[in-house]
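To start, the structure itself, in structure tokens.
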Amino acid sequence: MISWLSTLIQRRGKIIFSVLLAIIIVAFVFTIGAGPGLVSKDKSTFQKDFYGIDLNDRGQLQYLQDSAMISNYLNGRTRMNDAQFEQQMLGRQALFYLADKMSVPAPDESKLESFLKKLPAFQGENGEFDPAALNGFLSSIQMGGRYDQGFIDRVIRQDFRLGEVTRLIAEPGFLVKEEIAKGVARERTNWSVSILSYPFDSYQPTIEIDEEALKAFYAENSFRYERPEEFSVSFVEFTADQVQEEIADPNDQELRVHYLRNQRKFSDAEKEIEEKAKAEAEEGSEPVLDMFNLLRDKILESYKLEKKAALAAQIANDFTYYLFDRQIAYDSSDFRSKLREYGLNLKHIPPFSAKPQTQLTGIVPSALYQQALMLDSSRYFTDVVSNPEQTRFYVAFLEGKTPAETPELDAIRDIVTQDYRLMRKNELFVEKGKELSASLREALKQEGATVEAAAETLGLKVQSYADFTIRELPEGLNFRLVNEAETMKVGETSDMITLDNTGFWIHVADKKVPEITEDDSEYAGMLTALESYSGAIRLQGLINDLISAKMPSKG
């Protein structure tokens with residue numbers, strides 16, 4: 001065990017052996033496929049070097065992914081989609097580059113211990129460092145076998161340096177006092193406004209279709225009608241149920257280890273036993289339950305299923321190695337013979353493209369789609385990909401590709417005409433908005449004019465809101481409209497603002513802006529908020545610039 005971790009645990013005395021929740025163990029089973037878009041068989045797709053990492057090298061990319069994933073767990077960042085994780089992972093590597101450029105030192109043992117104790121993953125319910133949480137994490141790492149504690153040690157040391165870089169870059173900058181006062185005043189400004197609206201769907205202009213204009217529109221927007229390259233893919237599935245081999249009963253110690261590693265699987269059964277025991281126990285007494293023996297049959301069943309799943313995974317890997325080693329062609333007699341030998345049925349996936357919205361879900365794991373996109377005539381089958389539960393294993397085969405194409409205008413004339421009409425309607429709606437804006441302002445100039453009367457004359461709907469602040473917006477009032485009115489004066493009417501498929505106008509009936517001084521009770525809070533916000537924006541902007549400098553445009 002790493003010396004500083006070992007010392008920390010030993011100083012805390014005897015710690016009960018614990019295991020991480022199964023969700024964390026599952027999270028550690030991370031595949032290349034879960035980070036789409038980074039690895040490509042075409043080496044020119046991305047620059048080779050991304051601040052010291054070759055994104056075309058699966059080993060280096062896997063290290064980067066694993067480091068980011070462990071860091072996310074340690075820091076309590078668990079909810080991310082693929083795009084967010086990819087951005088966070090690349091940003092992490094970019095910050096390493098800055099750490100080296102800024103000569104940010106690695107922590108000594110004292111600083112490292114202090115840093116570790118503050119990590120969210122090791123906090124107890126009271127918000128204090130919990131040695132049992134640390135020990136449980138290290139135990140699960142040791143049993144999982146995927147990572148060693150040296151890897152975890154490196155990630156924690158890296159996170160310390162990244163924290164220092166973040167602190168230095170996001171440090172609050174200079175803020176003008178007037179801006180702070182404006183921030184407080186903005187939240188306390190009292191408004192009275194009228195919101196006029198004109199739905200886009202209510203506007204029905206006559207649009208003539210000119211053939212030459214339609215052709216020009218199609219030529220300028222042909223990319224919108226391109227049909228992307230489509231993949232026709234089949235797959236086979238290996239499951240624990242297909243394994244005929246009998247699994248020997250484990251000894252008591254092996255079964256207990258399986259129980260400890262998979263406690264979350266048995267949580268419902270444990271709860272049911274506890275509730276039944278409490279109902280049957282005498283009042284005031286607490287039943288003592290030997291959960292392991294009470295659940296022995298279920299644990300044994302789970303143990304054997306896990307062993308069979310491991311055998312299924314091995315069979316799947318043997319199958320792909322056979323195809324590679326013997327250079328077996330897809331759908332050849334040897335290929336079909338091997339399917340029969342393994343008792344496999346070839347299943348088909350509806351054609352799909354690389355566009356995320358065209359990929360299917362629920363048929364096979366998303367990682368299999370990602371790997372299938374990298375197949376070609378030189379490699380027609382994927383690696384083995386498992387489901388999250390590690391009980392089903394898949395191999396996909398490329399049957400063919402349909403090249404990308406752009407249909408001729410005549411083939412999609414109805415679609416193009418519909419798009420052209422919508423484009424023209426949008427253009428005419430903007431012009432109509434300008435006309436209504438001018439008419440509205442002119443109507444409100446008249447003596448005794450009211451917003452309600454002007455709206456009725458122009459065919460607009462109107463809703464008025466009086467005496468409110470942005471802290472407590474009236475129900476139904478869109479904050480974005482109030483935000484647009486921030487620089488307007490009393491009596492002014494805005495130009496048309498298009499939101500949610502509707503044209504809006506704001507008429508400011510009244511606006512009371514309070515005077516704010518440094519002695520105001522909210523001044524200090526606004527200062528802190530603006531400092532934090534400006535620092536975060538500065539940091540994220542720098543990270544985005546660093547990523548953009550090394551990654552090609554996806555447009």
Side-chain angles (χ1 to χ4, degrees), residues 79 81 84 178-204 422 425-426 428-446 448-517 520-534 536-537 540:
R79 294 185 179 274
N81 58 36
Q84 290 170 333
E178 287 76 4
E179 292 301 319
I180 302 168
K182 283 182 181 179
V184 178
R186 179 175 180 270
E187 293 194 356
R188 300 216 306 244
T189 294
N190 186 278
W191 293 88
S192 291
V193 301
S194 291
I195 304 297
L196 301 94
S197 61
Y198 185 49
F200 180 76
D201 291 341
S202 298
Y203 180 56
Q204 299 296 332
L422 181 59
K425 182 178 177 180
N426 276 301
L428 294 172
F429 188 68
V430 172
E431 293 302 317
K432 180 68 173 179
K434 292 178 181 178
E435 294 175 10
L436 288 171
S437 296
S439 299
L440 181 59
R441 293 190 182 105
E442 187 62 32
L444 291 175
K445 288 180 181 178
Q446 306 305 313
T450 65
V451 174
E452 289 74 15
E456 183 177 0
T457 300
L458 296 173
L460 305 178
K461 296 179 181 179
V462 63
Q463 178 69 52
S464 296
Y465 305 91
D467 297 323
F468 67 89
T469 67
I470 62 172
R471 289 177 174 173
E472 297 182 6
L473 288 179
E475 184 177 355
L477 179 57
N478 192 319
F479 172 77
R480 290 178 292 177
L481 293 176
V482 179
N483 197 48
E484 290 284 345
E486 186 174 350
T487 59
M488 294 175 61
K489 299 176 182 178
V490 174
E492 287 187 340
T493 303
S494 71
D495 291 328
M496 185 178 74
I497 302 162
T498 304
L499 290 175
D500 302 326
N501 215 33
T502 302
F504 292 97
W505 291 263
I506 307 164
H507 177 76
V508 180
D510 195 20
K511 178 181 179 181
K512 298 183 178 70
V513 182
E515 290 289 334
I516 304 298
T517 66
D520 191 281
S521 60
E522 297 184 7
Y523 186 93
M526 181 60 68
L527 172 61
T528 300
L530 290 177
E531 285 178 338
S532 177
Y533 177 75
S534 64
I537 290 295
Q540 190 58 54

Straight-line distance of T457 OG1 to L440 CG, nearest 0.5 Å: 10.0 Å
Derivation and outcome, side chain to side chain contact (heavy atoms under 4.5 Å, CB included), residues F200 and K425: CA-CA 9 Å; F200 180 76; K425 182 178 177 180; 3.4 Å; yes
Heavy-atom side-chain proximity of M496 to Y198 below 4.5 angstrom: no
4.5 Å side-chain heavy-atom contact, L444 and T493: yes
OH on Y203 to NZ on K432, rounded to 0.5 Å: 6.5 Å
Any D201 side-chain heavy atom under 4.5 Å of N501 side chain: yes
Any donor-acceptor N/O pair, N426 side chain to L422 backbone, under 3.5 Å: yes
Reference residue W505; test side chain to side chain contact (heavy atoms under 4.5 Å, CB included); the match among L458, I195, L436, L481: L436
From OG (S494) to CD1 (I506), nearest 0.5 Å: 4.5 Å
Separation of F504 CZ from N478 CG (nearest 0.5 Å): 7.0 Å
Chi angles and distances behind the side chain to side chain contact (heavy atoms under 4.5 Å, CB included) call for L473, Y465: CA-CA 9 Å; L473 288 179; Y465 305 91; over 6 Å; no
E472 (side chain) donor-acceptor with F468 (main chain) under 3.5 angstrom: no
Contacts of type side-chain hydrogen bond (donor to acceptor under 3.5 Å, both in side chains), residue D495, not counting sequence neighbours: R441
Under 3.5 Å side-chain donor-acceptor pair for S194 and S464: yes
Sub-4.5 Å side-chain heavy-atom contact between H507 and V193: no
Separation of D467 CG from W191 CH2 (nearest 0.5 Å): 13.0 Å
From K512 atom NZ to S192 atom OG, the distance as rounded to the nearest 0.5 Å: 6.0 Å
Least distance between heavy atoms, V508 atom then K511 atom: CG1-CB, 4.1 Å
Flag if over 12 foreign heavy atoms under 6.0 Å of CD, E452: yes
Backbone of A453 reached by a side-chain donor or acceptor of E456 within 3.5 Å: no
